[in-house]
Amino acid sequence: MLLRENRVFAVAVGGEPKDLSVMGRMGAGELEDIEGLTFSSTAGKAVYRHSASHILAHAVKELFPDAKLAIGPATAEGFYYDFDIHVPFTPADLEAIEKRMLELIKKNSPFIRKEISKTEAAEIFGRMGETYKAELLQDIASGETVSIYEEGGFVDLCRGPHVPNTGRIKAVKLLSIAGAYWRGDEKRKMLQRIYGTAFDSKEELKKYLEFLEEVKKRDHRKLGRELDLFSINEEIGAGLILWHPNGAIIRKTIEDFWRDEHLKADYKLLFSPHMARLDLWRKSGHWDFYRENMYSPMEVEGMEYEIKPMNCPFHLAVYKSGLKSYRDLPVRYAELGTVYRFERSGVLHGLMRVRGFTQDDAHIFAREDQLEGEILNILDFTLFILNTFGFEEYDVYLSTRPEKYVGSPENWELATKALRLALEAKGLKYDIDPGEGVFYGPKIDIKVKDSLGRAWQCSTIQVDFNNPERFDVSYRGTDGKEHRPIMIHRALMGSLERFFGILIEHYAGDFPLWLAPAQVEVLTIAERHIEFAGSVSAALRKEGIRVQENFENEKIGYKIRHSAMRKVPYSVIIGDKETESGGAALSARKKNGESIGPFPIAGLIDFLTEEIKTRR
RNA sequence: GCCGGGGUAGCUCAGUGGCAGAGCAGCUGAUUCGUAAUCAGCAGGUCGUGGGUUCAACCCCCAUCCCCGGCUCCA
């Protein structure tokens, strides 16, 4: 039986995680339903890391007896524990705490579960001065008893389960210190949070730390500067992006691709202004529901105007500018619309979280009978676009009706069903996020998995029952009467800025040829080769290939290194051989050192244009 | 916004209550070289910004802006 393996440190009884020790108290019949928990399962990881967080708390209490305990759960990547402490922790404290943790692990103290009455627990934690635990106790409504865990003399209120003893934790690492509000509520006290992670072996921990290194190396802010892609300038303002030539050419390439594909998919392209009268935003409901993300209005000739946080009202206005018949539907409007949203200074982050960004927005007005088909179209289209950028794995979520909503329950049901059927027709696995829909309709969110396996939310498909009502949009049906179309909002990449940030990290700055700012660099061996090299780069440039020249007076090794570090996909070296043969035999070098060719110039052009065309 | 850590040359980063530094990048010159760094020289700074303490502040104090790690929220 699996349980005999020493990899098992807890069990699940009927899916419920329990301490390993429950085995001894079970009858033979009950053992059927039992499953060993190891580090390979999500539930197992949580038990393991939660145990590590207890050890963290234990170590902190020993070193800082004044610290009060708050909560210490496992997270997806590790664990944390929140403490109320007068003087914030320093990085040196972190090292000392980690050292103490290793000592506690070495002691191999058993985790002992006790069930006691709530009043008894209140008494214990009250005596210990653990006010946060006391508050937690009050909120545990169900049942008269609670469980506490003791390990090496350290007692904590805890549902459990835990690993059998502290020595079971094989590898642990404290990672960072951060402030965090008690219960995530900014009106309450700011606590000190220590983040850490734990693994079942030193090798796994090492691999994880390497992963963190890799994440750091790929940081789009770092690569953005190194590759001269974009910048953010204090003088211009926080959260506002300057696209440099290298970034701008990538954006232009993405935009061209996006527009071309939208036209092929029978969307109509729109452009709309960056501001509009405040009355428009009152009508759309944004001023009521979204004001905290909007900037203050500005006055123009006695009238108030507002910079746009969204594109939808403009698209509605275009729709309404003429009568629509059922024959016109579905109407698909798409725009790369730049919006501005207020974000608190503390949340801004490179390209990922900014104050001005361009949405790849579209609004589709459809008849009820077209809804499912349209959603299916959008899903297909979305996956095609995401695929082109090398994203092949997705996490899909279907969000259903929240507590506060507009529209009729019947409509919600209809739309949710259409979303679900479309997902199923595509054979996409999805999770339901109950009650997480927007107030105006249900939605599908797609998170892409990047090359490091990290999930990023990009695409969203939202049904909207609200705006068609508010703006009184309609179409003339076969019966000659006015009908209300259903509106779908959707974005594929979400925001160009954010998507660009994700792409930078996904590719680690090594953009595929079709996106690379400079696609080829022509390098000369010596001064006498400059003239011919110039003719080679001119020939490539004439074919629309982005060429860069390095005719500097440097050794070829230096130029190759420079080119590779700037992540230029190909370099062509021009020396005596090439010059003498008049370009009959050109070879190119990939940035990793692999060589292609030799080709005549035309052959090199064909090779490159083919790779560009296929967007590999 | 809040808690903590930061801001010194284009970049990465030393530094100290008493003359502002290094490497890389840049410029100039020499070298003319075949697949990831040739050599030498030069230049580069309101030490984030504003105020204060001091004979003297990059350093200490206050304020402010921005950045980083989180909290909350989201594209």
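All values below come from the heavy atoms of this structure, side chains included, with hydrogens, waters and symmetry mates left out. All chains are named by letter (A, B, ...) in the order of the sequence lines, taking the proteins before the strands, and each is independently numbered beginning at 1.
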Please report, rounded to the nearest Å, how far the [atom2] atom of [N] is from the [atom1] atom of [X].
| X | N | atom1 | atom2 | answer |
| --- | --- | --- | --- | --- |
| A:R353 | B:A75 | CZ | C1' | 8 Å |
| A:R193 | B:C71 | CZ | P | 6 Å |
| A:F230 | B:C11 | CZ | P | 14 Å |
| A:R225 | B:G10 | CZ | P | 13 Å |
| A:R566 | B:C24 | CZ | P | 18 Å |
| A:R183 | B:U72 | CZ | P | 14 Å |
| A:R344 | B:C74 | CZ | P | 12 Å |
| A:M352 | B:G70 | CE | C1' | 17 Å |

Which whole number of Å gives the distance between the [atom1] atom of [N] and that of [M]?
| N | M | atom1 | value |
| --- | --- | --- | --- |
| B:G44 | B:A20 | C1' | 13 Å |
| B:U72 | B:G23 | P | 46 Å |
| B:C13 | B:G45 | C1' | 15 Å |
| B:C58 | B:G18 | P | 11 Å |
| B:A14 | B:U54 | C1' | 27 Å |
| B:C47 | B:C42 | C1' | 23 Å |
| B:A36 | B:G48 | C1' | 37 Å |
| B:C59 | B:U16 | P | 13 Å |

Salt-bridge contact [X]-[Y] (side-chain N to carboxylate O under 4.0 Å):
| X | Y | value |
| --- | --- | --- |
| A:E521 | A:R566 | no |
| A:D185 | A:R183 | no |
| A:E497 | A:R251 | yes |
| A:R332 | A:E374 | yes |
| A:E214 | A:K217 | yes |

Tell me the partner of [N], counting only Watson-Crick (N1-N3 plus N6-O4 or O6-N4) or G-U wobble (N1-O2 and O6-N3) with both under 3.5 Å; none if nothing fits.
| N | result |
| --- | --- |
| B:U64 | B:G48 |
| B:C19 | none |
| B:C59 | none |
| B:U72 | none |
| B:U35 | none |
| B:U54 | none |
| B:A25 | none |

Taking only N and O in the side chain of [X], is any of them less than 4.0 Å away from OP1 or OP2 of [N]?
| X | N | value |
| --- | --- | --- |
| A:Y558 | B:G34 | no |
| A:H349 | B:G69 | yes |
| A:R589 | B:A36 | yes |
| A:R528 | B:C33 | yes |
| A:R221 | B:G69 | yes |

Between the base of B:A75 and the ring of A:F357 - centre-to-centre under 5.5 Å, planes within under 30° - is that a stack?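 Yes; centroid distance and tilt both under limits.
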Assign [X] to base, sugar-phosphate, or nothing according to its heavy-atom contacts below 4.0 angstrom with the strands shown.
| X | answer |
| --- | --- |
| A:A491 | nothing |
| A:D576 | base |
| A:K559 | nothing |

Of the listed B:G69, B:G1, B:C71, the closest approach to the A:Y195 side chain comes from B:C71
Shortest side-chain distance from A:Y181, nucleotide among B:A36, B:C2, B:U32: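 Side chain of A:Y181 sits closest to B:C2.
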Using only modelled atom types and a 3.5 angstrom limit, is any donor from either the side chain of A:R561 or the base of B:A37 paired with an acceptor on the other? yes
Keeping A:R546 on the side-chain end and A:P517 on the backbone end, is there a donor-acceptor pair under 3.5 Å?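 Present.
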Nearest-0.5 Å distance that lies between atom OG1 in A:T524 and atom CD in A:E549: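 Going from the OG1 atom of A:T524 to the CD atom of A:E549 covers 9.0 Å.
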Nearest-0.5 Å distance that lies between atom CD1 in A:I250 and atom CD1 in A:I504: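 So the CD1 of A:I250 and the CD1 of A:I504 are separated by 7.0 Å.
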